[in-house]
J.: 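Take this structure first; my questions come after.
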Amino acid sequence: MIRTVGAGLTLTLLLASAAVLAPPPAHAATWETLINGASFADRNALMAEWNFRYPWGSDHNGSARMYASATDNSHVYLSPSGQLNIKATRITGNEGNSSADPHLPIRYHSGAIHAKDQVLVNDQFPNYEVRGEFQAPSARGTWPAFWLTGANSWPPESDILEYKGDARNWFNTYDGSWESTIVGVSNPGAWHEYRVWIAKVNATDVDIHYYLDGQWKGQHRGSNFVGRRMWLIINLQMEGSSGSPGPGAETFYRARNVVMGRTRA
């Protein structure tokens, strides 16, 4: 899944734009692209880079249950080429409660995907960049996210995009306690770019830089992130922390140009 390019201008610009990073190593680093921005070109490209639903299954902390597979594209589909669409629909039947805390009644069908490549900051890979462009719903009861979460333990977590029922994006870091930078966004339903740069600063910790539309918005310290694998997830959850009742009409969350890359020391 790794695609490697030279460490020239691309890496120089990435390092320069990350703001307040530790000094670069004396030797030249190599930039590796794990997800190159074309994974939504068609269904085969999608399935080459991404898995359907959450890493742990169909349920999480809201009232939506995730439905998507290699043969089911009713809630996760590509149209036009290059654009991922996640659709949430309200259901009328009784489907029980979510299997995840706080075990809310299932009121929606929706979708989620998670990247096959994981983020793992360590001595070999001291810097990561994750970014993408999104049209995010922000009405009451809609809870879209683009986030990193621990693959083998929780914490760590880094939320790059998270709207909880209004037009504010929550940049969050969780390492046992929460640190949040909350930014008002003009028209979240238009295309905006959300980006994170993660830089190893010592044997256990990272600095996490959050960006919106190319503008630096905040820096958090992630304690004990080093050596912890993290999933990258795109999902449209409903209700829960975004309020209720959620919308009765179909809700859409769209993504394009999602990129994941890292430096190799």
Side-chain angles (χ1 to χ4, degrees), residues 53-68 74-76 84-114 130 132-149 154-155 157-174 177-194 196 210 212-213 217-218 220 231-255 258:
R53 307 192 301 166
Y54 295 112
W56 51 85
S58 61
D59 295 356
H60 196 35
N61 51 6
S63 65
R65 179 163 286 156
M66 304 300 145
Y67 283 87
S74 57
H75 292 275
V76 175
L84 175 77
N85 304 275
I86 300 179
K87 178 177 71 174
T89 55
R90 193 170 182 99
I91 64 173
T92 56
N94 182 0
E95 206 168 294
N97 287 29
S98 170
S99 60
D101 186 61
H103 308 289
L104 296 179
I106 297 298
R107 298 193 181 97
Y108 293 86
H109 289 175
S110 188
I113 60 173
H114 61 281
V130 180
E133 298 171 17
F134 295 86
Q135 291 182 340
S138 57
R140 181 178 179 85
T142 62
W143 195 2
F146 175 51
W147 57 303
L148 299 164
T149 190
W154 185 77
E157 179 175 329
S158 171
D159 302 319
I160 310 164
L161 177 159
E162 183 181 17
Y163 287 92
K164 297 191 284 189
D166 60 33
R168 297 177 299 163
N169 184 61
W170 292 62
F171 294 111
N172 303 309
T173 302
Y174 183 66
S177 61
W178 289 101
E179 184 174 1
S180 298
T181 297
I182 305 169
V183 178
V185 179
S186 176
N187 190 10
W191 289 109
H192 295 279
E193 184 189 65
Y194 303 80
V196 68
Y210 293 101
L212 175 67
D213 292 328
K217 296 299 182 181
H220 300 171
W231 296 108
L232 173 62
I233 302 173
I234 302 172
N235 70 275
L236 177 55
Q237 192 48 257
M238 302 294 283
E239 297 187 315
S241 292
S242 64
S244 62
E250 292 178 337
T251 299
F252 294 91
Y253 178 34
R254 300 180 175 93
V258 172

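Throughout, residue positions are numbered sequentially from 1 according to the sequence presented. What you see is a predicted model; the values in this text were computed from it and never measured.
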J.: Could you label the plane-to-plane angle of the Tyr194 and Phe134 rings as parallel, tilted or perpendicular, counting under 30° as parallel and over 60° as perpendicular?
T.: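 Rings of Tyr194 and Phe134: perpendicular, as their planes differ by over 60°.
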J.: Using a 3.5 Å distance criterion without hydrogens, assess whether the side chain of Asp159 forms a donor-acceptor pair with backbone atoms of Phe171.
T.: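 No, because the side chain of Asp159 does not come within donor-acceptor range (under 3.5 Å) of the backbone of Phe171.
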J.: For side-chain contact (heavy atoms from CB on, under 4.5 Å), just list the numbers for Tyr54 and Met66, CA-CA rounded to whole Å, side-chain angles, deciding distance to a tenth of an Å, and then say yes or no.
T.: CA-CA 8 Å; Tyr54 295 112; Met66 304 300 145; 3.4 Å; yes
J.: Would you please name every residue forming a side-chain contact (heavy atoms from CB on, under 4.5 Å) with Ala249, sequence neighbours left out?
T.: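 For Ala249 there are no side-chain contact (heavy atoms from CB on, under 4.5 Å) partners, ignoring immediate neighbours.
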J.: Would you say Trp178 and Glu157 make side-chain contact, with heavy atoms under 4.5 Å?
T.: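 A side-chain contact under 4.5 Å exists here.
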J.: What pairs with Arg107 under salt bridge (charged side-chain N to carboxylate O under 4.0 Å, His left out), at least two apart in sequence or on another chain?
T.: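 For Arg107 the salt bridge (charged side-chain N to carboxylate O under 4.0 Å, His left out) partners, ignoring immediate neighbours, are Glu239.
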J.: Considering only residues two or more places apart or on different chains, which pairs with a residue in residues 241-254 satisfy side-chain hydrogen bond (donor to acceptor under 3.5 Å, both in side chains)?
T.: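 As it turns out, the side-chain hydrogen bond (donor to acceptor under 3.5 Å, both in side chains) pairs with a partner in residues 241-254, which skip direct neighbours, are Asn85-Arg254.
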J.: If you look only at pairs with a residue in residues 135-145, which of them pass as a salt bridge (charged side-chain N to carboxylate O under 4.0 Å, His left out), with sequence neighbours excluded?
T.: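 Every candidate salt bridge (charged side-chain N to carboxylate O under 4.0 Å, His left out) pair involving residues 135-145 fails, so no pair, neighbours aside, qualifies.
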J.: Tell me, do Pro105 and Asn97 make a side-chain contact under 4.5 Å, heavy atoms counted?
T.: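 In short, these two side chains touch, coming nearer than 4.5 Å.
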J.: Among residues at least two apart in sequence or on other chains, which ones pass side-chain contact (heavy atoms from CB on, under 4.5 Å) with Glu193?
T.: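 In terms of side-chain contact (heavy atoms from CB on, under 4.5 Å), with neighbours along the sequence ignored, Glu193 is linked to Arg131, Glu133, Asp213.
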J.: How close do Asp59 and Arg65 get, counting heavy atoms only, and between which atoms?
T.: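 Between these two residues, the closest heavy atoms are OD1-NE, 2.8 Å.
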J.: Is there a side-chain contact between Trp56 and Thr149, using heavy atoms and a 4.5 Å cut-off?
T.: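 They are in contact (side-chain heavy atoms under 4.5 Å apart), so the answer is yes.
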J.: Could you go through Tyr174 and Trp154, starting from their C-alpha distance and side-chain angles, then the distance that decides it, and tell me whether this counts as ring pair (Phe, Tyr, Trp, His ring centres under 6.0 Å)?
T.: CA-CA 9 Å; Tyr174 183 66; Trp154 185 77; 4.4 Å; yes
J.: Output all residues satisfying side-chain contact (heavy atoms from CB on, under 4.5 Å) with Ser180, sequence neighbours left out; order by chain, then residue number.
T.: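 Residues passing side-chain contact (heavy atoms from CB on, under 4.5 Å) with Ser180: Trp170, Asn172, Ile182.
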J.: Measure the acute angle between the ring planes of His109 and His75, then classify it against the limits of 30° and 60° as parallel, tilted or perpendicular.
T.: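 Ring orientation of His109 relative to His75: perpendicular.
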J.: Checking Asn235 against Trp143: is there a side-chain donor and acceptor pair closer than 3.5 Å?
T.: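 Judged by distance alone, the side chains do not pair up.
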J.: For a quick test of reading the model, state the closest non-hydrogen atom pair linking Asn61 to Leu104 and the distance between them.
T.: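 In this case the closest contact between Asn61 and Leu104 is O-CD1, 3.9 Å.
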J.: Does a side-chain heavy-atom distance below 4.5 Å link Val258 with Leu84?
T.: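 The answer is no; the side chains never approach within 4.5 Å.
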